[in-house]
Structures are given as C-alpha cells and as structure tokens.
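Only heavy atoms go into these numbers, but all of them, side chains included; no hydrogens, no water, no symmetry mates.
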Amino acid sequence: MTNEAEHVIEVEHLTKRYGGLLAVNGISFTVRKGEVFAFLGPNGAGKTTTVEIIETIRTPTSGNVRLLGMDVTRMKRDIVPRIGVLPQGFSSFDRITVRETLQYYSRLFCRGKTDIDGLIGLVNLKDKTREQYKNLSGGLKQRLGIAIALVNDPEVVFLDEPTTGLDPGARREVWDVLLGLKEKGKTVFLTTHYMEEAELLADAVAIISRGKIIAMGSPRELIESNAKYLLLTLQSIGDKVFEIVRNLGFEPVHDNHKNIKVRVAQTDDVLKILNAIKDAGASFLNLDVRKPNLEEVFLQLTGEALREDPKQMASK
C-alpha cells in the first residue's frame with residue numbers, strides 16, 4: 001500500500017450491497033495528492049454510493065477505503081474536519097447574504113480565523129457579498145457552495161456534479177473556480193455528467209458502469225487507447241448523402257442536430273466518402289474530421305448515454 005504523500009484516497013476491492021442489489025462490485029482505485037480526479041458513469045452506476053463511502057457517510061459491505069491515510073470506517077471523527085463536500089442539489093438559507101453564509105458555516109466548523117474575503121475572492125463573488133442567497137443565479141449559488149465546502153480549509157474537496165443545470169457561461173465560470181482549487185494544491189474528487197468538463201479539468205478519470213470500473217487513466221490515455229478511429233461529421237439536407245455513406249459499407253448515424261456522423265479508420269476513408277458523394281452528384285453544407293473525444297469513448301465502453309441536462313435539451 002502506498003503512503004499518504006502519494007495517494008490521499010485508496011480504495012481496494014470495495015463492495016456495497018443493498019439487499020439483493022450489488023451497487024458497487026469490487027472496485028479499486030487511487031487518487032493522488034493535488035490532482036483533479038473525475039468519476040464518470042450513468043445514473044445507477046454506483047458513483048454516489050462510492051463517493052459517500054469515501055466521505056464516511058455510508059459503510060461498505062466489504063473492502064478497504066483509506067482517506068488521508070485513515071480507515072473511513074474507524075476514523076470518521078478525524079477525517080471529517082479535513083475534507084470539504086459540495087453535495088448534488090446544494091442549497092442554503094434564502095435570506096442571508098453571501099458573507100453571512102460563509103461566516104455562519106465558518107462558525108459551524110469552529111473556524112474562527114477563516115479567511116472569508118479570500119474565499120469570496122477565490123470563487124469570484126466580490127461583487128455579491130451583500131446579496132441574499134435567494135437572489136443569486138444558479139451559477140453564483142454553485143460558486144458559493146464551493147466556497148462553503150472550503151471554509152474548513154480542507155485537504156480533499158468532493159464535488160458532486162457541481163455544474164448540473166447551469167447554462168454554458170455559468171458552467172465555465174465554475175470551471176475557472178475548480179482550476180483555481182487545483183492551483184492551490186487541493187485534491188478535488190469530481191463526479192460529473194459532462195465529458196467536456198472531465199476532459200478539461202481532470203488529471204485522471206475513472207469510468208464506472210454497473211458497479212464496476214471499466215476504464216481508468218488520463219483523458220488523453222483513455223481516448224488514445226480506446227478510440228482508434230476518426231470521426232467524420234457531414235452537415236447535409238435530405239437522406240441522399242446518408243444512403244451514399246451506408247452503401248459504401250460504413251455505419252453512419254444522425255446526431256441530435258441531424259448531422260451525419262461516421263467512424264472511419266483513416267483519412268483515405270474520408271476521401272473515399274467525399275469522392276462517392278461527388279460522383280453521385282450529391283452535396284453537403286459542411287464537414288468536420290477529428291479525433292474522438294471522451295464522450296465517444298464513454299459511449300463505446302459503456303453503451304450508455306449520460307443523463308442530459310434539461311436546459312441543454314431545450315436548446316436543441
């Protein structure tokens with residue numbers, strides 16, 4: 001077993017049962033000090049159960065979990081003051097201001113010397129210190145939630161889907177805050193449904209499906225080892241181009257915007273498709289060729305789509 005200086009979280013053969021349901025099935029992984037670790041998986045995959053065991057909220061059925069070098073089942077009283085948690089669906093008191101909120105939680109943690117101004121600056125809320133919680137936008141509320149998770153100056157911060165439900169602009173503002181935590185040397189354990197978020201922020205990613213970790217590594221490692229193809233996207237009108245591509249032996253699909261997407265092994269395949277379209281007298285409006293991203297890897301490995309944000313679905 002490694003020492004705390006290298007790994008702040010060590011999970012070995014973790015299992016959790018709820019009656020006949022095996023929610024977590026013998027998983028093992030480690031999280032290094034000072035890194036952003038992203039835990040990805042569809043609903044019901046075992047993410048929340050695993051995280052709550054690490055946070056000392058739930059007890060495992062079997063296996064070993066150590067946080068900051070301590071057994072989570074025996075050392076809860078010593079662990080809790082050293083971690084910060086932002087739960088999914090975070091909420092606070094409607095009628096107290098940003099500053100008052102942080103002062104309240106500071107007293108709750110018996111942290112008389114909390115740098116309130118420093119926390120407000122870290123999450124970019126200097127212009128909102130006198131604003132009541134109920135008047136904050138969703139993104140501002142999440143940034144305040146992150147500040148609350150930091151009032152005890154934790155060594156490890158757990159953030160459960162911190163940008164769910166936010167518009168793209170607010171989401172990116174929260175990302176800036178998370179990158180700031182990394183720069184300060186905090187270890188961040190992030191659960192998320194957004195592949196772009198994990199790809200941008202995470203040093204390491206674990207993908208969990210049906211209670212098992214099925215892939216782990218840096219975003220680049222996961223992409224390079226699991227997606228040995230190019231993704232061709234064609235924007236076209238009508239079904240003629242779709243049929244041309246399918247008749248060449250490829251397997252095109254339509255995305256949510258009705259574009260045609262097809263996996264190709266090499267650039268020669270792209271030329272083959274374009275020449276066939278030209279020879280058939282068909283046309284397209286635009287094309288894009290690129291390497292796959294983490295979302296395509298996730299879909300390939302799990303066969304499952306992540307939950308979509310209602311705001312994103314409404315914009316499609």
*Asks:* Please say yes or no: joined through hydrophobic side-chain contacts below 4.5 Å, possibly via intermediate residues, are Ile260 and Tyr229 part of one cluster?
*Replies:*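 Ile260 and Tyr229: separate clusters.
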
*Asks:* Looking only at atom types and distance, does a side-chain atom of Thr191 sit under 3.5 Å from a main-chain N or O of Glu161, one as donor and one as acceptor?
*Replies:* yes

*Asks:* Hey, could you give me the NE2/CG distance between His13 and Asn25, rounded to the nearest 0.5 Å?
*Replies:*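 His13 atom NE2 to Asn25 atom CG measures 12.5 Å (nearest 0.5 Å).
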
*Asks:* Test the Arg263-Phe250 pair against the cation-pi criterion, namely NZ or CZ under 6.0 angstrom from the six-membered ring centroid and within 45° of the ring axis.
*Replies:* no

*Asks:* State whether a side-chain donor-acceptor pair under 3.5 Å links Ser209 with Thr302.
*Replies:* no

*Asks:* Sequence neighbours left out, what passes ring-ring contact (aromatic ring centres under 6.0 Å, His included) with Phe29? Give chain and number order.
*Replies:*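 Applying ring-ring contact (aromatic ring centres under 6.0 Å, His included) to Phe29 gives Phe37, Phe39.
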
*Asks:* Is the side chain of Asp167 donor-acceptor paired with the backbone N or O of Ala170 at a distance under 3.5 Å, no angle test?
*Replies:*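 Here the side-chain-to-backbone pair exists.
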
*Asks:* Has Asn152 got a side-chain atom pairing as donor or acceptor with Pro81's backbone, closer than 3.5 angstrom?
*Replies:* yes

*Asks:* In sequence, state the C-alpha distance, the side-chain angles, and the governing distance for Lys272 and Leu248, and then conclude on side chain to side chain contact (heavy atoms under 4.5 Å, CB included).
*Replies:* CA-CA 9 Å; Lys272 180 179 178 181; Leu248 290 173; 4.2 Å; yes

*Asks:* Using a strict threshold of under 4.0 Å (side-chain N to carboxylate O), is an ion pair present between Glu6 and Lys33?
*Replies:* no

*Asks:* When you look at Glu251 and Arg246, which way does the salt bridge (Lys or Arg N to Asp or Glu O under 4.0 Å) test go after all the steps?
*Replies:* CA-CA 6 Å; Glu251 297 181 2; Arg246 185 164 61 183; over 6 Å; no

*Asks:* Quick one: do Asp117 and Arg99 satisfy salt bridge (Lys or Arg N to Asp or Glu O under 4.0 Å)? Show the steps, please.
*Replies:* CA-CA 8 Å; Asp117 288 326; Arg99 180 178 294 280; 2.7 Å; yes

*Asks:* Does Lys141 count as lying over the ring of Phe90, i.e. NZ or CZ under 6.0 Å from the six-ring centre, within 45 degrees of the axis?
*Replies:* no

*Asks:* Run the salt-bridge test on Arg32 and Asp203 with the 4.0 Å N-O cut-off and return the result as yes or no.
*Replies:* no

*Asks:* Taking Glu197 first and then Arg172, would you say they form a salt bridge - that is, a charged N and a carboxylate O separated by under 4.0 Å?
*Replies:* no

*Asks:* Hey, what do you get for CD1 (Ile273) to NZ (Lys278), rounding to the nearest 0.5 Å?
*Replies:* 16.0 Å

*Asks:* Is the side chain of Gln300 donor-acceptor paired with the backbone N or O of Asn226 at a distance under 3.5 Å, no angle test?
*Replies:*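 Checked: pair present.
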
*Asks:* What I want to check is whether the side chains of Thr233 and Lys261 have a donor and an acceptor closer together than 3.5 Å.
*Replies:*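 Side chains of Thr233 and Lys261: pair found under 3.5 Å.
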
*Asks:* Any donor-acceptor pair under 3.5 Å linking the side chain of Lys240 with the backbone of Ala280?
*Replies:*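 Checking the backbone N and O of Ala280 against the side chain of Lys240, a donor-acceptor pair under 3.5 Å is found.
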
*Asks:* Is a side-chain donor or acceptor of Lys186 paired with a backbone partner of Pro154 at a separation under 3.5 angstrom?
*Replies:* yes

*Asks:* Check whether Lys16 reaches the backbone of Thr61 with its side chain - one donor and one acceptor, N or O, closer than 3.5 Å.
*Replies:* no

*Asks:* Establish whether Phe93 and Leu119 are linked, either directly or via other cluster members, by ILVMFWY side-chain heavy-atom contacts under 4.5 Å.
*Replies:* yes

*Asks:* Return the CZ to CG distance between Arg95 and Asn135, rounded to the nearest 0.5 Å.
*Replies:*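 It comes to 9.0 Å.
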
*Asks:* Distance from Ile9 atom CD1 to Glu55 atom CD, nearest 0.5 Å?
*Replies:* 9.0 Å

*Asks:* When you compare the side chains of Arg171 and Tyr194, does any donor N or O come within less than 3.5 Å of an acceptor on the partner?
*Replies:*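 Present: a donor and an acceptor within the cut-off.
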
*Asks:* Assess the residue pair Arg290 and Asp288 against the criterion (salt bridge (Lys or Arg N to Asp or Glu O under 4.0 Å)); give the C-alpha distance rounded to whole Å, side-chain angles, the decisive distance to 0.1 Å, and a yes or no.
*Replies:* CA-CA 7 Å; Arg290 61 178 175 81; Asp288 176 70; 3.7 Å; yes

*Asks:* If we ignore hydrogens and angles and just use 3.5 Å, is the side chain of Thr97 paired with the main-chain N or O of Glu100 as donor and acceptor?
*Replies:* yes

